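Only one structure is covered here, and it is reproduced in the block below.
Everything numeric here is computed off the predicted structure, so don't read it as measured data.
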Amino acid sequence: MMKLVPDISLARLKSGLFWRTFLLLGTLTTVSMITWIGMISVIQREPQAQQISAQIISVVTITHAALTHSAPELRRELLFDLVSNEGIRIFSLEEDDRIEPPPDNYLMPEIEAQVKAKLGKDTRFSARVNGVAGFWVSFKIDDDEYWLMLDRERLRGLTGFQWLGWASLVSLLSLLGAAIISSLINLPLSRLTAAARDIAKGKQPAPLPEKGPIEIIEANRSFNQMVDDLKQVESDRAVILAGISHDLRTPLARMQLEVEMANLSDEAREGIQSDIGQMDAIIGQFLDYAKPTETSSFTDVDLSGLLLDMTREAMRLPDVKINASIAEGAHAMGNPTDLRRVLNNLIENARRYGKTPESDVTEIDIACHVRTSHGAKKVIIEVQDHGTGVPTEKIEQLMKPFTRLDTARGQANGAGLGLAIVDRVLLRHGAELQVRNREGGGLAFQISLPAA
């Protein structure tokens with residue numbers, strides 16, 4: 001997988017369909033909850049005020065009647081019963097009582113208006129008298145004034161904190177439901193995405209379940225059919241490639257033998273042999289590009305040892321100078337033959353097109369080390385030359401099949417598939433390939449493989 005510039009951002013992660021669906025449902029639920037609370041508050045305001053007012057009027061009226069018509073010697077016992085059974089206390093109203101304002105809530109103005117309409121405009125209300133908290137209402141018996149104190153619990157409806165608590169609980173349950181609904185909606189798409197990602201990595205995904213809504217059934221059925229068709233295409237291609245290998249390389253081998261036995265001059269023989277060698281190399285590139293990489297063939301590959309062997313082989317070439325920095329113990333899961341082909345193509349590409357200016361020698365830097373990033377170990381392999389490099393706008397074009405940018409110096413000894421093979425094999429290995437121009441001149445390839 002060629003990677004020019006990393007493109008990972010938190011905004012991109014949050015733009016997923018799950019988060020969009022969850023945000024939409026969460027917003028809809030929150031708006032509905034706020035609307036519902038406001039509507040309930042408005043609708044129940046007047047009935048609740050009437051209920052509390054009726055309760056206060058009833059208690060004061062009954063208490064007033066009981067005290068007025070009871071015998072004087074029984075009033076003490078009556079007051080005791082009111083306190084113990086009803087939670088009602090009666091006190092004399094004095095001029096020096098320390099009176100605090102009534103409770104400050106949205107129902108109090110309506111309660112005061114309705115109670116005063118029944119008990120008289122001189123009725124007073126207080127939240128605390130002489131430091132004693134309660135719901136205090138004044139009333140008269142003849143010319144004497146009294147305080148009647150009720151427990152606040154008897155008159156208390158749902159407080160603001162209670163409303164907030166219930167609203168928070170319902171909102172939390174609604175958001176949890178929204179998350180579950182979003183997951184269920186996006187589960188088929190997540191499965192489809194994972195299966196498509198497996199195909200891109202060269203794996204055979206499990207068949208998608210053909211159940212659920214008709215649209216999901218049709219999409220999964222089409223995808224499963226596509227996977228089967230791709231598998232059949234791979235099988236047919238393997239058969240075709242085997243035929244190509246036999247039908248083309250056998251005549252080439254016969255031509256090579258006939259050239260050796262023919263009465264030709266040395267110059268003519270070398271020219272024909274060179275042409276046959278180039279034809280064989282081109283056929284080999286076609287076969288390498290089309291050959292599938294099976295993940296079932298992956299083994300633990302000692303990349304350090306593989307690079308050391310390839311470095312020693314490259315050093316034998318008279319026109320190559322190798323600068324190697326290879327750490328020990330670099331291992332990755334992969335196909336050793338395919339990984340050797342990748343590294344060989346990179347070294348050969350540097351040898352052919354990365355010659356050091358004003359020199360007949362190609363200087364190649366080969367490095368390998370293990371790096372830990374976000375808790376995951378990766379093997380980093382770098383191959384760099386000291387040539388003239390490639391224009392930045394043409395770097396991505398390098399990886400396309402049948403692309404040869406440096407036609408001026410090349411002979412027809414390749415089909416332009418070397419780097420395309422590299423990109424294809426690394427994609428199957430779940431690796432990343434970064435291509436850039438080297439500081440100081442030349443082209444640099446960096447391979448990042450998951451460490452074993």
Between [atom1] on residue [X] and [atom2] on residue [Y], distance to nearest 0.5 Å:
{"X": "Met310", "Y": "Leu346", "atom1": "CE", "atom2": "CG", "result": "8.5 Å"}
{"X": "Ile447", "Y": "Leu339", "atom1": "CD1", "atom2": "CG", "result": "8.0 Å"}
{"X": "Gln114", "Y": "Gln50", "atom1": "CD", "atom2": "CD", "result": "5.5 Å"}
{"X": "Leu443", "Y": "Asp385", "atom1": "CG", "atom2": "CG", "result": "6.0 Å"}
{"X": "Ile111", "Y": "Ile57", "atom1": "CD1", "atom2": "CD1", "result": "10.5 Å"}

Qualifying residues under salt bridge (Lys or Arg N to Asp or Glu O under 4.0 Å), relative to Glu313, sequence neighbours excluded: Arg340
Pairs flagged by side-chain hydrogen bond (donor to acceptor under 3.5 Å, both in side chains) wherever residues 209-219 is involved - sequence neighbours left out: Glu210-Arg221, Glu210-Asn224
message: Do Val379 and Cys368 make a side-chain contact, defined as non-hydrogen atoms from C-beta onward lying under 4.5 Å apart?
response: yes
message: If we check side chain to side chain contact (heavy atoms under 4.5 Å, CB included) with Trp147, which of these qualifies: Glu94, Arg89, Arg124?
response: Arg124
message: Between Gln232 and Asp228, is there a side-chain donor-acceptor contact under 3.5 Å, judged purely by atom types and distance?
response: no
message: Check Asp338 with Arg341, please: is the shortest side-chain N to carboxylate O separation under 4.0 Å?
response: yes
Centroid-centroid under 6.0 Å between Phe91 and Trp136 rings: yes
